[in-house]
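Numbering starts at 1 and runs along the sequence shown.
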Amino acid sequence: MDRTEHTDHTEQTSQIRRRPPVRAGSRSRSSRPRSRGKAPAKLNYRMMLCIAVLVCLLLAVLFFSLFRSRGGKIDELEKQLETLQSEKTTLAAQVEGLTQENQAMLAGLAAALPDPTTAQTTSIAELIPQLTEGVYVVSDSGSQLKYLSVPTGYLQDRLTAYRDDAAGFSAVQGNAPACAYYVLYADRVIGLAAGNTGFVSMDRTTAGSASSTPAGMYDLVAAMFA
């Protein structure tokens with residue numbers, strides 16, 4: 001080999017040695033397409049969209065289930081309401097029937113009473129002290145007083161129940177009305193006027209204050225003088 005060829009070979013060898021080594025990693029990075037860097041963002045967006053759709057579906061199913069449950073409860077309550085309304089109608093009819101039977105029974109008991117006694121006075125204040133034994137009812141027509149001794153039994157028990165009905169007596173404004181009937185108990189006098197009004201005297205006089213009276217009490221006493 002001559003000197004010229006040896007020199008060229010030496011220069012080529014030195015050039016090869018001077019070249020910086022090419023790193024495999026740098027080449028692979030440069031060879032990757034830039035569009036791949038956006039793939040994770042697209043995947044995250046799709047994943048979030050899928051999650052949102054699933055959440056919406058779950059909420060829809062939940063609300064649908066709640067709606068059906070509420071609808072079932074509403075239907076059940078409506079059926080119960082219809083049942084209660086039917087029972088109310090039945091009970092109202094029964095009460096009306098029992099009321100009519102009670103009135104018929106009271107009319108029969110009142111008709112079985114002896115004829116009332118005509119008082120020798122026209123003053124209720126004078127008559128009250130004369131009637132002390134038992135329970136008496138008095139009718140005041142304005143010109144005449146009649147009275148009856150109520151026998152022991154249903155009628156007397158009924159009058160006692162009216163007397164003990166605290167809720168049926170409450171103070172009203174104004175003076176005591178003129179009463180058509182009186183009930184004389186051992187401890188008090190109750191005056192009865194139309195419209196469930198009257199008075200209560202705890203010292204057996206006619207000076208009691210104006211008061212309401214239990215419903216039905218007036219009619220019961222009036223039936224005794226019919």
Specify the closest pair of heavy atoms between Gly174 and Ala210, including all atoms of both residues, with the distance to one decimal. O-CB, 3.4 Å

Phe169-Leu192 co-clustered via ILVMFWY side chain contacts under 4.5 Å: yes

Quick check: closest heavy atoms across Leu113 and Pro151, and the distance to 0.1 Å? CD2-CD, 3.5 Å

CD (Glu76) and CG (Leu81) are apart, to the nearest 0.5 Å, by 12.5 Å

Of Leu155, Leu220, Val150, which meets side-chain contact (heavy atoms from CB on, under 4.5 Å) against Val137? Val150

Pairwise distance CD(Gln80) to CD(Glu87) - rounded to 0.5 angstrom: 10.5 Å

Return the minimal non-hydrogen interatomic distance between Ser139 and Tyr181, and the atom names on each side. OG-CE2, 3.7 Å

Taking CG in Asp164 as the centre, count heavy atoms belonging to other residues, nucleotides or ligands within less than 6.0 Å. Is the count above 12? yes

Measure the spacing between NZ of Lys146 and OG of Ser141 and express it to the nearest 0.5 Å. 7.5 Å

For Gln120, I'd like to know if atom CD has over 12 heavy atoms of other residues, nucleotides or ligands within 6.0 Å. no

Going by chain and number, the hydrophobic cluster around Leu58 (ILVMFWY, side chain to side chain under 4.5 Å) further includes none

Would Val135 end up clustered with Met202 when hydrophobic side chains under 4.5 Å apart are linked, directly or stepwise? yes

Following the transitive rule for hydrophobic clusters with a side-chain heavy-atom cut-off under 4.5 Å over Ile, Leu, Val, Met, Phe, Trp and Tyr, establish whether Leu59 and Ile51 coincide in one cluster. yes

Tell me who clusters with Tyr182, hydrophobic residues only, linked when side chains sit under 4.5 Å apart either directly or through other members. Ile124, Leu127, Ile128, Leu131, Tyr136, Val138, Leu145, Tyr147, Leu184, Val189, Phe199

Is the backbone N or O of Ile190 less than 3.5 Å from a side-chain atom of Tyr185, with the two atoms forming a donor-acceptor pair by type? no

Kindly compute the distance separating CG (Asp165) from OG1 (Thr160), expressed to the nearest 0.5 Å. 12.5 Å

Between CD on residue Glu126 and OG1 on residue Thr121, distance to nearest 0.5 Å: 4.0 Å

How close do Ala180 and Tyr218 get, counting heavy atoms only, and between which atoms? CB-OH, 4.0 Å

Are side-chain heavy atoms of Met217 and Val183 found at a separation under 4.5 Å? yes

Going by side-chain heavy atoms closer than 4.5 Å, which hydrophobic residues are tied to Leu91, directly or by a chain of links? none

Of the non-hydrogen atoms in Ala176 and Gly208, which two are nearest, and what is the gap between them? CB-O, 3.7 Å

Grab the two heavy atoms, one from Ser212 and one from Gly168, that are nearest each other, plus how far apart they are. OG-O, 3.1 Å

Are Leu98 and Leu109 in one and the same hydrophobic cluster, where Ile, Leu, Val, Met, Phe, Trp and Tyr link if side-chain heavy atoms are under 4.5 Å apart? no

Between Thr122 (side chain) and Gln144 (backbone), is there a donor-acceptor pair under 3.5 Å? no

